[in-house]
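One structure is given here, and the rest of the page talks about it.
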Amino acid sequence: QNLPVLRFSDWETLPYDSFSPHQDIISDRLNTLAQIRDLSAGIILTTTPSALTRICPEEHIDAQRFELKLDQKIAQ
């Protein structure tokens with residue numbers, strides 16, 4: 001059976017760092033969380049610290065999600 005494989009990236013920062021994770025990491029994590037909601041089965045690759053970290057509520061994921069498709073028209 002072909003199961004989708006998703007990657008849930010590590011923050012790549014330490015708890016006491018004074019800077020935020022890179023925007024690409026944040027986007028990848030939000031994208032993975034959004035895809036998880038639509039899956040019935042799959043494989044998620046992550047690190048132990050990422051698996052043990054609390055994640056944001058589903059409402060936040062929905063609010064931050066923005067998806068464009070090829071040839072999609074945007075109303076002005």
Side-chain angles (χ1 to χ4, degrees):
Q1 189 177 29
N2 292 333
L3 294 175
V5 178
L6 302 175
R7 183 176 54 117
F8 192 62
S9 304
D10 188 51
W11 284 121
E12 297 183 12
T13 58
L14 298 172
Y16 50 84
D17 282 343
S18 60
F19 54 89
S20 298
H22 193 272
Q23 288 294 331
D24 291 344
I25 294 172
I26 296 170
S27 295
D28 286 343
R29 287 173 61 99
L30 284 172
N31 185 39
T32 300
L33 290 171
Q35 289 180 43
I36 289 171
R37 294 186 60 196
D38 300 331
L39 288 179
S40 59
I43 298 169
I44 301 170
L45 300 176
T46 191
T47 62
T48 302
S50 291
L52 296 175
T53 303
R54 293 179 65 184
I55 57 173
C56 56
E58 291 180 35
E59 296 82 22
H60 178 73
I61 297 167
D62 290 338
Q64 300 302 315
R65 190 175 187 180
F66 181 73
E67 189 174 319
L68 281 177
K69 296 180 180 168
L70 190 60
D71 297 327
Q72 180 179 349
K73 305 283 186 212
I74 301 174
Q76 295 182 351

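The shown structure was predicted, so the numbers you read here are calculated from the model rather than taken from an experiment. Basis for what follows: all heavy atoms, side chains included, without hydrogens, waters or symmetry-related copies.
Identified under the side chain to side chain donor-acceptor pair (under 3.5 Å) test for residues 15-37, with sequence neighbours left out: Asn31-Gln35, Arg37-Glu58, Arg37-Asp62.
Qualifying side-chain hydrogen bond (donor to acceptor under 3.5 Å, both in side chains) partners for Ser50, counting only residues two or more places apart in sequence or in other chains: Asp10, Thr47.
Considering all non-hydrogen atoms of both residues, Leu3 and Ala41 come closest at CD2-CB, 3.9 Å.
Within the hydrophobic cluster formed by Ile, Leu, Val, Met, Phe, Trp and Tyr side chains joined at under 4.5 Å, directly or through other members, Phe8 is accompanied by Leu6, Trp11, Ile25, Ile26, Leu30, Leu33, Ile36, Leu39, Ile44, Ile55, Ile61.
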